[in-house]
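Note that the structure is a prediction, hence the values are computed from the model and not measured.
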Amino acid sequence: MATLLGPESPWMGGKKRTRNRNILSRIRQSQIAGRGFSRGTQLPEALLQERDKRAKWHGIPVLLQELYESSHLNSDFTHTHTVLKELSSLLSMEAMSFVTEDRKTAQESTFPNTYTFGLFGGVDVSVNIIPKCKKTTTIQLDCLSVLYNCCICTEGVTKSLASRDDFVLFLFTLMTNKKTFLQTATLIEDILGVKKEMIQLEWIPNLSGLVQSFDQQQLANFCRILSVTISEPDVGNDDKHTLLAKNAQQKRNTSPSRAEVNQVTLLNIPGFIERLCKLATRKVSEATGTSNFLQELEEWYTWLDNTLVLDALMQIATDEAEHSSTESSDESTLATIPLRHRLPQSMKIVHEIMYKVEVLYVLCVLLMGRQRNQVHKMLAEFRLIPGLNNLFDKLIWRKYTTSNHVVHGQNENCDCSPEISFKIQFLRLLQSFSDHHENKYLLLNAQELNELSAISLKANIPEVEALVNTDRSLVCDGKKGLLTRILTVMKREPPDSSFRFWQARAVESFLRGATSYADQMFLLKRGLLEHILFCIIDSGCKSRDVLQSYFDLLGELMKFNIDAFKRFNKYVNTEEKFQVFLTQINSSLVDSNMLVRCIVLSLDRFESQTEDVKVVEVLSECCLLSYMARVENRLAFLFRLVNIINVQTLTQENVSCLNTSLVILMLARRRGKLPFYLNALREKEYAEKYPGCLLNNFHNLLRFWQHHYLNKDKDSTCLENSSCIPFSFWKETVSVLLGEDRTSPCAIIGYIDEPYMELDRDLLED
């Protein structure tokens, strides 16, 4: 609820200001204390009318009194409707100004009518009317509109509604009525967005029947609500994002979260995923050859910033069309129906895009949940990937780019327009779909799959089992698969485009997991390595996010691949280029350490393949391999990797630095050089005049590693697949390093002098 009317309020004037404020203060105090007046309309009508003109209440208290008295359970609600209409008109103008102007902070001086309405109990009266008039849709619509306007303009109303669980659940029943669906959905979305505890979908009466009753447009709209109920709440505090805090939270919360339970509830609704796939891949008929298309799109979006307005206009068009045509049972009714009310084509496209963003988000969250394999199977079966591939050129990535036209916002990287949000959500979905899953080959077409088989045959290596098992009836159609299309548009993006980050992540996810030579060669043949090196060395890209995504992608592309290192050396053909490349790597090891790990692992493997002439040639010529072959350079990376992290600051983003340092030491252990590396760390400490600091920190990090990765819920296959080092060797090496025998040449404790032993034994006890 907004603050009390203060002495500076513009509609409080003259000597009566204090008395008016006393009335309002008494009402507010009664509401807070729960004694006395429960609503302002309990005041005598004569008093309200007397004060109304001076206080500029516009008759709202009196109207609310009439509304309350005319809305008893046995009333015919005739007068109720009349009063609601008058109140709604007073409030709607304030809400519209809030939506279409600069979205000012909700306060009484900006929205006096809405504030007065709430202060005199209008919200409670409206909430109580809705269930009483189940057969009077127009009254319910007016109440919903009034409540939505109050949520927009008056602080605290949305949270107040969110605390009423029975009312929130009742709202879902209103969604069965097509006439009240839109307003109800929008109000529920706002309420759930501020609700302290996530609602359980299984509490909603007959949820399965409700969802199955929705047409495709309603289901798309419902996805906006679902997105709030299936996503883990963002804690919004960096400290809580640390792995230490996450592990502690997992120990406290052993049962599935509400979001996880809601995901299972959705998956149990018959036909739900299939309908989402149809929504995501539904085509939109586009006007071609319109010279002012882009300008038109921008103009419409400028004022259609609120989805409710856009939905309402589309609803008008659809309703009008239904007078002249019978509603089709086809899932693509919305896209194909011949609307009598001609809306601009660009508006229909934006409308469809905004819904696809929500649908793709829901699918993406489900793909990352505990039922991932079940979701994967359904998305493949319902041909989501081929459907998106068919939409790629005409809708997802049309020929213009944000670099030469600003859809909304001040620059091409603004992530707030529907077009940009749609592209990013599409790329996030592909990243989740491909990541460590055999269905990733559905991103290719039949010809591209044959190309992978040919690469394996030529290299005299067996085909990857996942490739052999791929159902060819479910792969992409057309001349190009989705993966190839992403590579094509990636090369056209400006250097610092935010899309580059997501594009690189999507392609990297295709390569992640057990290293596949054929997958790497497929991308190398399409010039991906040269493109990445151009972006890192020659493009002038300054975005740390984009550079990090390219370092990670480059690491997956080059790992164990001698041809990739040969191509690298051909592109980085001068000392100047190589130094620029090293500078980029060294500028942020948190961003580049996965690439460092790739080079170290690859070098180790190549050095064991000296019978291969090609490998020997590249080893002797490649500047990158020669650089990493020098032990002082590997030690320099090790020093920095251990030094830039500690247990308290470990996150999902930088824990890779710990694992990369472990890889360097595991390879040293294999070659019997672990004592040499540990002694080098000790000498570094003394040289830098902080003895014990580096090794104590590393000891604590490794103890955390044991707690974190040896947890039964942790999946260790990622570490094993990415390094081709058995997880058992990871565990053994950590155990050896943490050995308590000070005489052991491989135990860290033996390299820390007694005075500098500062191991924090209680660090991980919580």
J.: Could you go through the side chain to side chain donor-acceptor pair (under 3.5 Å) check for Asn646 and Thr649 one step at a time?
T.: CA-CA 6 Å; Asn646 59 59; Thr649 60; 3.2 Å; yes
J.: Identify the heavy atoms of Asn262 and Ile199 that sit nearest to each other, and give their distance.
T.: ND2-O, 3.0 Å
J.: Under a plain distance cut-off of 3.5 Å, with no hydrogens placed, do Tyr690 and Asn696 share a side-chain donor-acceptor pair?
T.: no
J.: Is a side-chain donor or acceptor of Tyr550 paired with a backbone partner of Leu533 at a separation under 3.5 angstrom?
T.: no
J.: Distance-only, no hydrogens or angles: does the Thr242 side chain make a donor-acceptor pair with backbone N or O of Ala245 under 3.5 Å?
T.: yes
J.: Check Leu701 against Leu650 and note the closest heavy-atom contact, atom names and distance.
T.: CD2-CD1, 3.8 Å
J.: Between Lys614 and Glu617, does at least one N-O distance fall below 4.0 Å, as a salt bridge requires?
T.: no
J.: So, the side chain of Asn700 versus the backbone of Asn697: is there a donor-acceptor pair under 3.5 Å, distance only?
T.: no
J.: Taking atom types as modelled and ignoring hydrogens, do the side chains of Asp563 and Tyr517 form a donor-acceptor contact shorter than 3.5 angstrom?
T.: yes
J.: Ignoring hydrogens and geometry beyond distance, is a side-chain donor-acceptor pair present between Ser588 and Asp591 at under 3.5 Å?
T.: yes
J.: Taking Asp545 first and then Arg500, would you say they form a salt bridge - that is, a charged N and a carboxylate O separated by under 4.0 Å?
T.: no
J.: Are side-chain N/O atoms of Gln520 and Asn561 paired as donor and acceptor at under 3.5 Å?
T.: yes
J.: Can any side-chain N or O of Asn439 pair as donor or acceptor with the backbone N or O of Lys377 at less than 3.5 Å?
T.: no
J.: Among all residues two or more places apart in sequence or in another chain, which pass the side-chain contact (heavy atoms from CB on, under 4.5 Å) test with Ser509?
T.: Gln431, Ser434, Asp435
J.: Is a donor from one side chain sitting under 3.5 angstrom from an acceptor on the other, for Arg372 and Ser432?
T.: no
J.: Picking from Arg671, Lys673, Arg669, what satisfies salt bridge (charged side-chain N to carboxylate O under 4.0 Å, His left out) with Asp604?
T.: Arg671
J.: When you measure from the centre of the six-membered ring of Phe560, is the NZ or CZ of Arg605 closer than 6.0 Å and no more than 45° off the axis?
T.: yes
J.: May I ask you to check whether Phe568 and Phe581 place their ring centers less than 6.0 Å from one another?
T.: yes
J.: Look at Arg567 together with Glu530 and state whether they make a salt bridge at an N to O cut-off of under 4.0 Å.
T.: yes
J.: Distance under 6.0 Å and angle within 45° of the ring axis: does Arg526 meet both against Phe522?
T.: yes
